[in-house]
Amino acid sequence: MPEGHSLHRLARGLHRTFAGDVVASSSPQGRFDSGAQILTGRVLEEAEAYGKHLFVSFEGGEVVHVHLGLYGTMQKAKSPAPEPRGAVRWRLESPTWYADLRGPTACDLVGPLGREAIVARLGPDPLRADAEPERAKARILGSRATVGTLLMDQAVLSGVGNIYRAELLYRHGVSPFLEGRLLRPAVLDAMWADLVLLMNDGVRRGRIVTLDPGDMDAMAELDADRPAADDPELDGGEDSPQIRRLRRSTGVYVYRRQGRACLRCGVPVAAQDVQGRRLYWCPGCQRLPGQRRPRPKRSTT
DNA sequence: GAGCTATGTAGAC
DNA sequence: TCTACCTAGCTCT
């Protein structure tokens, strides 16, 4: 599930597990053979994320750049590693752990200069302590592009994907079709601060939850007709009322909720393809200046 | 079990 | 603008 929070969680896990260890590296699928072979026998020094990009550094200055794309995964487990299952692009092994990378958009040996070049293309990452939010804010407030487009532009802001975009705009009552230059600076400040909190929460949970705690009950009621999802994160714990509510809820306000009533105003959530990606928003809560409020969805009860 | 969809980007044309 | 990547969760049968 690769928005920025997934990559930061992955990087932290890899760093905790492998940093300081001599590793074996291979490409069972064959597509990363030349790069993977060079790394065998070296110490893995660091794994870090920048936006949706993962960088794994090794002694001797080698750096592997990974981008998971839409459905790439990297999973680790205790050694010994079994026979590779599926198309494993890159396998890392230490004496105690192994990790398999499958289906990435990118997995290349890039070196420190390559890493710098990739990072130079990216806007500030809300999950990094060294982020410079003013850079992103200046780009947004000076642009005629819509905020819906700007938030997804990794050169403006890195790590935000389709879910955080939809949810952030909803939480701040901003239409995705508003031009960046028309956004109030105070609203943008609040959006950045919120994004930092939401994405850090995503790293902690391993899952995106944007519902305020006070909205959990109401959303669970709205979703009473939905089947309870299996959520491994919630398994094994006590089945408290809060856990039951979370298990039933999607944890979000608008993402993939098209046609369902908005929690706050009752207007059906809308969806539209914009630049090849599905955009979700509430036409009631997220109106452009001067736009009329649409009718709420009629209750069926 | 089959089929559909998706949290994304790079590269070919 | 289209396609590759070729996973994994969800829905339908």
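A note on names: the letters A, B, ... follow the listed sequences, proteins ahead of strands, and every chain is numbered from 1. As the structure is a computational prediction, the values presented were derived from the model and not from experiment.
- Between the C1' atom of B/dC4 and the CG atom of A/Leu70 lies a distance of 13 Å, rounded to the nearest Å.
- Residue pairs that meet the ring pair (Phe, Tyr, Trp, His ring centres under 6.0 Å) test with at least one member in residues 23-50 of chain A, sequence neighbours left out, are A/Phe32-A/Trp90.
- Between A/His5 atom NE2 and B/dT7 atom C1' the separation is 8 Å, expressed in whole Å.
- Ion pairing between a basic and an acidic side chain is recognised when a charged N comes within 4.0 Å of a carboxylate O; A/Arg85 and A/Asp100 show no such pairing.
- The interatomic distance linking A/Leu279 (CG) with B/dG8 (P) rounds to 13 Å, in whole Å.
- In this structure, CZ on A/Arg89 lies 12.0 Å from CZ on A/Arg102, to the nearest 0.5 angstrom.
- Contacts of A/Gln29 with the nucleic acid, taken as non-hydrogen atoms under 4.0 Å apart, involve only primed sugar atoms and P, OP1 or OP2.
- Applying the side-chain hydrogen bond (donor to acceptor under 3.5 Å, both in side chains) rule to pairs touching residues 183-196 of chain A yields A/Lys137-A/Asp189, A/Arg171-A/Asp194, A/His172-A/Asp194, sequence neighbours excluded.
- Within the nucleic acid shown, A/Arg89 comes within 4.0 Å of sugar-phosphate atoms alone, with no base atom in reach, counting heavy atoms only.
- B/dC13 and C/dC5: their P atoms are spaced 14 Å apart (whole Å).
- Atom CZ of A/Arg31 is separated from atom C1' of C/dA4 by 8 Å (rounded to the nearest Å).
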Which donor-acceptor pairs under 3.5 Å do side chains of residues 34-45 of chain A form with protein atoms, sequence neighbours excluded?
residue : atom : partner : partner atom : Å
A/Thr40 : OG1  : A/Ser25 : N            : 2.9
A/Thr40 : OG1  : A/Ser25 : O            : 2.9
A/Arg42 : NE   : A/Ile38 : O            : 3.0
A/Arg42 : NH1  : A/Glu59 : O            : 3.0

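- Under 4.0 angstrom from either OP1 or OP2 of C/dA8 there lies at least one side-chain N or O belonging to A/Gln75.
- C/dC10 atom P lies 14 Å from atom CG of A/Asp223, rounded to whole Å.
- When hydrophobic side chains of Ile, Leu, Val, Met, Phe, Trp and Tyr are connected at separations under 4.5 Å, A/Val88 ends up as a singleton with no cluster partners.
- Taking the P atoms as reference points, C/dT13 lies 14 Å from B/dT5, given to the whole Å.
- For A/Tyr255, a side-chain nitrogen or oxygen approaches OP1 or OP2 of B/dT7 to under 4.0 Å.
- Counting to the nearest Å, the P atom of B/dT7 and the CD atom of A/Glu167 are 13 Å from each other.
- Checking C/dT7, B/dT7, C/dC5 against every side-chain atom of A/Ala87, the shortest atom distance belongs to C/dT7.
- Residue pairs that meet the side-chain hydrogen bond (donor to acceptor under 3.5 Å, both in side chains) test with at least one member in residues 7-21 of chain A, sequence neighbours left out, are A/His8-A/Asp125, A/Thr17-A/Lys76.
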Name every donor-acceptor pair, under 3.5 Å, that has one atom in a side chain of residues 114-124 of chain A and the other anywhere in the protein, sequence neighbours excluded.
residue  : atom : partner : partner atom : Å
A/Arg115 : NE   : A/Glu48 : OE2          : 2.6
A/Arg115 : NH2  : A/Glu48 : OE1          : 3.4
A/Arg115 : NH2  : A/Glu48 : OE2          : 2.6

For nucleotides 1-3 of chain C, list the nitrogen or oxygen atoms of the protein found under 3.5 Å from its nitrogen or oxygen atoms, one pair per line.
none

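- Residues A/Leu169 and A/Trp281 have side chains not in contact (no heavy-atom distance under 4.5 Å, counting atoms from C-beta outward).
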Any protein N or O atoms within reach of nucleotides 9-13 of chain B? Criterion: under 3.5 Å, listing atom names and distances.
residue : atom : partner  : partner atom : Å
B/dA10  : OP1  : A/Arg121 : NH2          : 3.1

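- A/Arg287 is linked by a salt bridge (charged side-chain N to carboxylate O under 4.0 Å, His left out) to nothing, counting only residues two or more places apart in sequence or in another chain.
- If you measure from atom CG of A/Asp273 to atom P of B/dT5, you get 11 Å, rounded to the nearest angstrom.
- Residue A/Arg102 places none of its side-chain N or O atoms closer than 4.0 Å to OP1 or OP2 of C/dC5.
- Protein atom CZ of A/Arg278 is 17 Å distant from nucleotide atom P of B/dC4, rounded to whole Å.
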